[in-house]
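Structure first, commentary second.
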Number of protein chains: 2
Amino acid sequence: MRNTVAKQEIEQLITTSEVALSPSEVETQLDGLCNRVTVYRVLERLEKEGIIHKFTNVNGVLKYASCHNCSTQNKHHHNHAHFNCVKCGDVTCLENVEPSFNLPKGYKVAEVNFTLSGVCPKCK
Amino acid sequence: MRNTVAKQEIEQLITTSEVALSPSEVETQLDGLCNRVTVYRVLERLEKEGIIHKFTNVNGVLKYASCHNCSTQNKHHHNHAHFNCVKCGDVTCLENVEPSFNLPKGYKVAEVNFTLSGVCPKCK
DNA sequence: CTATTAATGCAACATAGTTGCGTTTATAAA
DNA sequence: TTTATAAACGCAACTATGTTGCATTAATAG
């Protein structure tokens with residue numbers, strides 16, 4: 001992947017952000033640095049490279065966040081929980097929260113999307 | 001809520017369906033019985049009445065499914081898992097699968113969205 | 001410095017969901 | 001049974017989100 005200006009800026013934005021960002025939020029924060037389509041494409045590529053991960057919030061909105069732990073492990077996985085605050089709207093990774101569950105036989109799980117909504121500590 | 005034709009048909013569709021349905025899937029199956037906007041509005045009302053529940057699949061697509069267990073309990077809750085098969089595309093309720101997890105202090109959970117993707121027993 | 005091709009911008013399109021408003025119709029009351 | 005009322009509906013228009021094709025630009029290897 002080429003080291004373009006758009007890639008640098010978007011990667012920095014996501015990795016330094018406290019909260020997960022949607023493509024349109026990224027676009028807004030870039031303030032015209034690049035085209036809307038480029039935002040989608042760069043985010044897609046960053047995710048393929050394993051630099052960031054994606055998931056959907058409780059409303060079905062696509063969100064991206066950076067990985068902090070996964071790079072140190074053998075296998076990348078993003079099965080941790082995400083929290084969607086209904087007051088401030090922030091979506092954050094709860095990297096240490098992994099759900100446990102018992103599936104019926106016959107199901108083969110590839111991905112886990114575990115998003116909680118409610119009130120975060122800041123808004124409490 | 002008035003007992004309209006659209007309400008009857010959509011309620012029956014959702015409750016008899018083996019899989020969760022999106023608004024557009026409902027619209028297709030109704031085959032012109034009512035307007036697209038009506039589908040959204042009826043689904044919304046059915047959900048408010050607690051007859052059906054909604055959630056988003058792994059791709060962020062809104063899905064509706066009927067409640068089988070919750071009406072017999074004191075409190076309605078839809079914290080069970082949903083399974084999204086990547087082969088057939090079906091999204092089904094796993095009504096008996098509830099995730100357990102340990103949240104950090106300060107978070108107050110209102111809703112749980114727990115969607116697994118992978119291969120279902122039929123497609124295995 | 002040059003060639004290659006990844007990356008971008010633009011325009012156009014597709015899908016999903018929402019809103020306002022005039023009309024229809026289920027339901028309760030006369 | 002008829003009538004009044006407001007819920008429910010249809011239509012049109014709009015916003016947001018995401019995608020695709022293609023010509024142009026620019027990062028990088030040689």
Side-chain angles (χ1 to χ4, degrees), chain A residues 1-14 19-65 82 84 86 89 91 111 113 115 117, chain B residues 1-14 19-65 82 84 86 89 91 111 113 115 117:
Chain A
M1 184 179 178
R2 290 185 182 172
N3 192 28
T4 65
V5 179
K7 184 243 175 186
Q8 288 167 28
E9 293 297 316
I10 293 173
E11 182 175 341
Q12 217 216 341
L13 234 173
I14 300 281
V19 301
L21 300 173
S22 68
S24 65
E25 285 165 344
V26 170
E27 195 198 345
T28 303
Q29 291 201 34
L30 289 176
D31 196 31
L33 177 105
C34 72
N35 191 269
R36 197 167 64 93
V37 181
T38 303
V39 174
Y40 282 103
R41 297 200 265 227
V42 169
L43 288 170
E44 208 171 89
R45 276 182 287 148
L46 287 171
E47 198 234 345
K48 262 185 197 160
E49 288 195 357
I51 297 169
I52 62 177
H53 65 280
K54 77 171 176 205
F55 60 96
T56 55
N57 78 353
V58 283
N59 304 314
V61 177
L62 190 62
K63 292 276 183 177
Y64 287 92
H82 296 96
N84 198 153
V86 293
V91 179
E111 266 183 68
N113 202 314
T115 307
S117 69
Chain B
M1 185 179 178
R2 290 187 181 170
N3 191 30
T4 65
V5 180
K7 184 243 177 187
Q8 288 166 30
E9 293 296 316
I10 293 173
E11 182 175 342
Q12 216 215 344
L13 234 173
I14 300 281
V19 300
L21 300 173
S22 67
S24 64
E25 285 165 344
V26 169
E27 194 198 345
T28 304
Q29 291 200 34
L30 288 176
D31 196 29
L33 176 104
C34 72
N35 191 269
R36 197 167 65 91
V37 181
T38 303
V39 174
Y40 283 103
R41 297 200 265 227
V42 170
L43 287 170
E44 208 171 89
R45 276 181 289 149
L46 287 171
E47 199 234 345
K48 261 184 198 159
E49 288 195 357
I51 297 169
I52 62 178
H53 66 279
K54 78 171 174 201
F55 60 95
T56 55
N57 78 355
V58 283
N59 304 315
V61 177
L62 190 62
K63 292 276 183 175
Y64 287 92
H82 296 97
N84 198 154
V86 293
V91 178
E111 267 182 67
N113 202 315
T115 307
S117 68

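Naming convention: chains lettered A, B, ... in sequence-line order (proteins, then strands); numbering from 1 in each chain. Because only heavy atoms are used, hydrogens play no part in the values below, and waters and symmetry mates are left out as well, while side chains stay in.
Considering all non-hydrogen atoms of both residues, B/Glu44 and B/Tyr64 come closest at N-OH, 4.3 Å. Closest approach of B/Thr115 to B/Thr56, counting heavy atoms only: OG1-O, 3.4 Å. For A/Val58 against A/Ser117, the heavy-atom pair with the smallest separation is CG1-CB, 3.8 Å.
Rounded to 10 degrees, the angle separating the terminal helix axes of the helix from C/dC1-D/dG30 to C/dA30-D/dT1, each built from five base pairs, is 30°.
Summarising the geometry, the separation between CG on B/Leu33 and P on C/dT25 is reported as 13 Å, rounded to the nearest angstrom. In this structure, B/Lys7 atom NZ and C/dT25 atom P are separated by 18 Å, rounded to whole Å. Regarding A/Ile10, its CD1 atom lies at a distance of 11 Å from the C1' atom of C/dT8, rounded to whole Å. If you measure from atom CE of B/Met1 to atom C1' of D/dA8, you get 9 Å, rounded to the nearest angstrom. Across the protein-nucleic acid pair, A/Arg45 atom CZ and C/dT5 atom C1' stand 13 Å apart, rounded to whole Å.
The structure places CG of B/Leu46 at 4.5 Å from CE of B/Met1, a figure rounded to the nearest 0.5 Å. Rounding to the nearest 0.5 Å places OG1 of B/Thr4 at 6.0 Å from CZ of B/Arg45.
A/Leu21 places a side-chain heavy atom less than 4.5 Å from the side chain of A/Ile14.
For the pair B/Thr38 and D/dC9, the criterion of a side-chain N or O lying under 4.0 Å from OP1 or OP2 is not met.
The side chain to side chain donor-acceptor pair (under 3.5 Å) test applied to A/Lys7 returns A/Glu11, not counting sequence neighbours. Under the side chain to side chain contact (heavy atoms under 4.5 Å, CB included) criterion, B/Lys63 pairs with B/Ala20, B/Ser22, B/Glu25, B/Phe55, B/Asn57, B/Val61, B/Val91, sequence neighbours left out.
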What donor-acceptor contacts under 3.5 angstrom involve side-chain atoms of residues 30-43 of chain B, with partners at least two apart or in another chain?
residue: B/Asn35; atom: OD1; partner: B/Val37; partner atom: N; Å: 2.8

Are there any protein N/O atoms within less than 3.5 Å of an N/O atom in nucleotides 12-21 of chain D, and if so, which ones and at what distance?
residue: D/dG18; atom: OP2; partner: A/Tyr40; partner atom: OH; Å: 3.1
residue: D/dG18; atom: N7; partner: A/Arg36; partner atom: NH1; Å: 2.9
residue: D/dG18; atom: O6; partner: A/Arg36; partner atom: NH2; Å: 2.9

Is there any protein nitrogen or oxygen under 3.5 Å from a nitrogen or oxygen in nucleotides 25-27 of chain D, and what are the pairs?
residue: D/dA27; atom: N3; partner: A/Arg2; partner atom: NH1; Å: 3.3

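With a 6.0 Å radius and a threshold of 12 heavy atoms from other residues, nucleotides or ligands, A/Gln8 has its CD atom above the threshold. Counting non-hydrogen atoms of neighbouring residues, nucleotides and ligands closer than 6.0 angstrom, the CD atom of B/Glu47 exceeds 12 such neighbours.
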